[in-house]
Amino acid sequence: MQLEMQPKPFWHPLWAGIALGIVLLLTFLITGHGLGATGFTTRVTAWLASGMPAFMGEQSYLGPIAEEGIFSAWITWQVIGVALGAVFSAWLARRIRFQIDGQKTLGTPRRLITAFAGGLLAGLGARIAAGCTSGMGLSGAATLSLAGFTFLITFFAAGLVVSRLVRGVR
Amino acid sequence: MSPIEILSGLALGFAFGFVLENAGFGSPYKLTSQFRLADWSVFKVMFTAIVLTSVGLMLSEWFGLVSLEGLFVPPALLGAAAIGGILIGAGFAVGGYCPGTSVVGLMSGRLDASVFLIGLIAGTLIFAGAYEQLEALTSLGGVAVGDTLPAALGVSSLWVNVVMVIAAVAVFIGGSALERRFGGPVTAIEAVTGDSRPVKSSA
């Protein structure tokens with residue numbers, strides 16, 4: 001009985017990688033570009049900031065993005081798709097569990113602080129590089145771009161160093 | 001946005017999210033175990049996908065299905081890419097997610113992922129607020145040797161792809177060896193329940 005309720009195992013990384021490669025290749029063939037994520041969160045940020053004049057000047061970063069709107073961008077629909085695909089997969093495999101992951105090892109306040117701080121660093125970095133792990137690392141390297149490989153090398157190096165300095169989720 | 005474009009975004013995104021969740025990439029424990037070298041799934045999956053796409057695009061061009069000039073290739077602003085890589089890598093180690101996987105984490109019930117997403121928006125706001133000072137970073141370190149590795153080296157993408165395939169095989173072999181040494185990949189049960197996270201002996 002208990003086995004019935006257990007989460008199903010993850011896919012073998014080789015099969016997951018092949019599946020991801022097929023999705024990424026199809027994305028390039030259909031749209032001419034790769035997959036991403038922060039294009040969407042940047043548009044959400046611009047929408048949230050659209051009531052704050054300080055962020056909306058003519059020379060501002062978010063002003064022109066706010067004018068384009070959220071739903072006029074392909075990336076918005078792609079991220080909505082990611083959310084739907086993820087919840088469907090997690091539901092199928094009994095891997096949905098409401099929790100603050102990392103709470104057991106870090107405690108709730110500390111886990112919420114690390115989650116916020118990690119997001120903040122990633123948000124800043126993604127705007128400087130004009131892409132995140134999906135858009136710059138995965139999609140960028142798949143076109144054999146120098147920027148994509150540079151991103152992946154520095155991403156891994158920083159992760160190795162910082163994970164030894166700061167206690168993360170484990 | 002035409003209905004076809006909306007549909008392609010939804011469908012390709014759905015497949016992307018479906019695969020990421022099945023790979024275990026909604027779990028911050030599994031994701032950050034890559035940096036502890038105990039779980040090589042992140043690099044195995046990414047490397048396989050990169051090589052498959054790169055080879056697929058090369059073959060598609062040979063058969064005239066696609067023109068590589070028509071594809072988006074990020075410009076070779078290597079300083080900007082390096083700063084972004086450092087910040088996102090650090091954010092991954094601290095926060096447990098990258099931007100895309102935080103969406104997957106949230107959709108599998110992880111409330112900490114929603115806090116990561118709020119941080120992501122805060123980081124974007126900080127960038128926008130300091131745009132005058134930070135704008136120069138976004139175009140830092142441009143190189144003129146070309147945007148791609150084959151262009152920079154002056155070789156056909158075939159040779160770069162051959163090296164990439166060999167590197168991918170090495171990631172699988174070396175990664176699996178390190179997984180055995182450092183206590184193996186994180187299983188779905190460990191990732192979901194948060195229980196049974198013993199420090200496995202290397203024996």
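Reckoned from all heavy atoms, side chains included, excluding hydrogens, waters and symmetry mates. Here is how names work: the chains are called A, B, and so on, in the same order as the sequence lines, proteins then strands, and each is numbered from 1.
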With side chains defined as the heavy atoms from C-beta onward, is the minimum distance between B:Arg36 and A:Leu160 less than 4.5 Å?
no
Determine, step by step, whether A:Leu20 and B:Thr48 satisfy the side chain to side chain contact (heavy atoms under 4.5 Å, CB included) criterion, reporting the C-alpha distance in whole Å, the side-chain angles of both residues, the deciding distance to 0.1 Å, and the verdict.
CA-CA 8 Å; A:Leu20 183 58; B:Thr48 305; over 6 Å; no
Quick one: closest heavy-atom pair of B:Leu149 and A:Phe149, and the distance?
CD2-CE1, 3.9 Å
Note: B:Gly123 and A:Leu124 closest approach over all heavy atoms is O-CD1, 3.7 Å
Pairwise distance CH2(A:Trp47) to CD1(B:Ile121) - rounded to 0.5 angstrom
9.5 Å
When you check the side-chain N and O atoms of A:Trp74 and B:Ser8, is any donor under 3.5 Å from an acceptor?
yes
What part of B:Val55 is in contact with chain A, defined as an atom under 4.5 angstrom from a non-hydrogen atom: side chain, backbone, both or neither?
neither
So, the side chain of B:Thr124 versus the backbone of A:Thr42: is there a donor-acceptor pair under 3.5 Å, distance only?
no
Between B:Leu57 and chain A, which part of the residue has a heavy atom less than 4.5 Å away: side chain, backbone, both or neither?
both
Determine yes or no for a side-chain-to-main-chain donor-acceptor pair under 3.5 angstrom, with B:Gln34 supplying the side chain and A:Gly159 the backbone.
no
Just verifying a value: how many Å separate A:Ser72 OG and B:Glu5 CD, rounded to the nearest 0.5 Å?
10.5 Å
List the steps, then state whether side chain to side chain contact (heavy atoms under 4.5 Å, CB included) holds for A:Phe71 with B:Met1.
CA-CA 8 Å; A:Phe71 293 101; B:Met1 284 275 99; over 6 Å; no
Taking C-beta and beyond as the side chain, do A:Thr27 and B:Phe16 meet within less than 4.5 Å on heavy atoms?
no
Close side-chain approach of B:Asn161 and A:Leu144, heavy atoms under 4.5 Å:
yes
Could you check whether B:Asp147 and A:Ser145, counting side-chain N and O atoms only, form a donor-acceptor pair closer than 3.5 Å?
no
For A:Leu138 against B:Ala49, the heavy-atom pair lying closest together
CD1-CB, 4.1 Å
Short side-chain to backbone donor-acceptor contact, B:Asp112 and A:Asp101, under 3.5 Å:
yes
Check: B:Phe43 ring centroid to A:Phe156 ring centroid under 6.0 Å
yes
For B:Phe47, which atoms come within 4.5 Å of any heavy atom of chain A: side chain, backbone, both, or neither?
neither
Tell me, for A:Val23 versus chain B, whether the close heavy atoms (under 4.5 Å) come from the side chain, the backbone, both or neither.
both
Exceeds 12 heavy-atom contacts within 6.0 angstrom, atom CG of A:Leu165
yes
Chain B contact via A:Ala115 - side chain, backbone, both or neither, heavy atoms under 4.5 Å
both
Is it true that a side-chain atom of A:Arg127 and a backbone atom of B:Leu134 form a donor plus acceptor pair closer than 3.5 Å?
no
Between A:Arg164 and chain B, which part of the residue has a heavy atom less than 4.5 Å away: side chain, backbone, both or neither?
side chain
Does B:Gly95 offer a backbone N or O that forms a donor-acceptor pair with the side chain of A:Arg111 under 3.5 Å?
yes
At a heavy-atom separation under 4.5 Å, does B:Met164 approach chain A through its side chain, its backbone, both, or neither?
side chain
Validation row: B:Ile189, A:Arg95 side chains within 4.5 angstrom (heavy atoms)
no
State the CG-NZ distance between A:Leu14 and B:Lys44, to the nearest 0.5 angstrom.
9.5 Å
Validation row: B:Leu120, A:Leu120 side chains within 4.5 angstrom (heavy atoms)
no
So which atom in A:Cys132 and which in B:Pro99 form the shortest heavy-atom distance, rounded to 0.1 Å?
CB-CG, 3.8 Å
Do A:Phe10 and B:Asn22 come within less than 4.5 Å of each other through their side chains, counting heavy atoms only?
no
Report which part of A:Ala130 has an atom under 4.5 Å of a heavy atom belonging to chain B: side chain, backbone, both, or neither.
neither
Output, in order, the C-alpha distance, side-chain angles, deciding distance and verdict of side chain to side chain contact (heavy atoms under 4.5 Å, CB included) for B:Ile50 and A:Leu152.
CA-CA 12 Å; B:Ile50 287 165; A:Leu152 283 183; 3.9 Å; yes
Side chain, backbone, both or neither: which part of B:Val73 has a heavy atom under 4.5 Å from chain A?
both
Heavy-atom contact with chain A under 4.5 Å, split by part of B:Val143
side chain
A:Glu67 atom CD, over 12 foreign heavy atoms within 6.0 Å
no
For chain A, which of B:Ala82, B:Ala15, B:Ser114 has the most heavy-atom pairs under 4.5 Å?
B:Ala82
Greatest number of heavy atom pairs closer than 4.5 Å to chain B - which of A:Ala37, A:Ala122, A:Gly148, A:Gly135
A:Ala122
Counting heavy-atom pairs closer than 4.5 Å to chain A, which one of B:Gly56, B:Ala76, B:Ala90, B:Ser41 comes out on top?
B:Ala90
Is it the backbone or the side chain of B:Tyr131 that comes under 4.5 Å from a heavy atom of chain A, or both, or neither?
side chain
A:Gln59, CD: over 12 other non-hydrogen atoms inside 6.0 angstrom:
no
Per-residue contact mode, B:Val66 against chain A (heavy atom under 4.5 angstrom)
side chain
Point-to-point distance, once rounded to the nearest 0.5 Å, from CG of B:Leu78 to CG of A:Leu146:
5.5 Å
Atom OG1 in B:Thr193, atom CZ in A:Arg97: separation rounded to 0.5 Å?
6.0 Å
Should the ring pair A:Tyr61 and B:Phe127 be called parallel, tilted or perpendicular, given that the plane angle runs from 0 to 90° and is split at 30 and 60?
perpendicular
Looking at every non-hydrogen atom in both residues, tell me the closest pair between B:Val19 and A:Ala19 and how far apart they are.
CG2-CB, 3.9 Å
Do A:Phe116 and B:Phe116 touch side chain to side chain, with heavy atoms closer than 4.5 Å?
no
B:Leu12 and A:Thr31: which non-hydrogen atoms are nearest, and at how many Å?
CD1-CG2, 4.3 Å
Below 4.5 Å from any heavy atom of chain A, which atoms of B:Ala23 appear? Answer side chain, backbone, both or neither.
both
Under 4.5 Å to a heavy atom of chain B? For A:Phe55 that would be side chain
If you tally heavy-atom pairs under 4.5 Å against chain A, which of B:Cys98, B:Gly175, B:Ala122, B:Pro74 wins?
B:Pro74
Considering only heavy atoms, which portion of B:Phe25 lies under 4.5 Å from any heavy atom of chain A: side chain, backbone, both, or neither?
neither
Heavy-atom distance under 4.5 Å to chain A: side chain of B:Leu68, backbone, both or neither?
neither
Before giving the answer on side chain to side chain contact (heavy atoms under 4.5 Å, CB included), spell out for B:Phe14 and A:Val82 the whole-Å C-alpha distance, their side-chain angles and the decisive distance to 0.1 Å.
CA-CA 5 Å; B:Phe14 188 93; A:Val82 168; over 6 Å; no
Top residue by heavy-atom pair count (under 4.5 Å) with chain A, among B:Gly26, B:Gly84, B:Ala188, B:Gly146?
B:Ala188
Between CG of A:Leu24 and CG of B:Leu52, what distance do you get to the nearest 0.5 Å?
9.0 Å
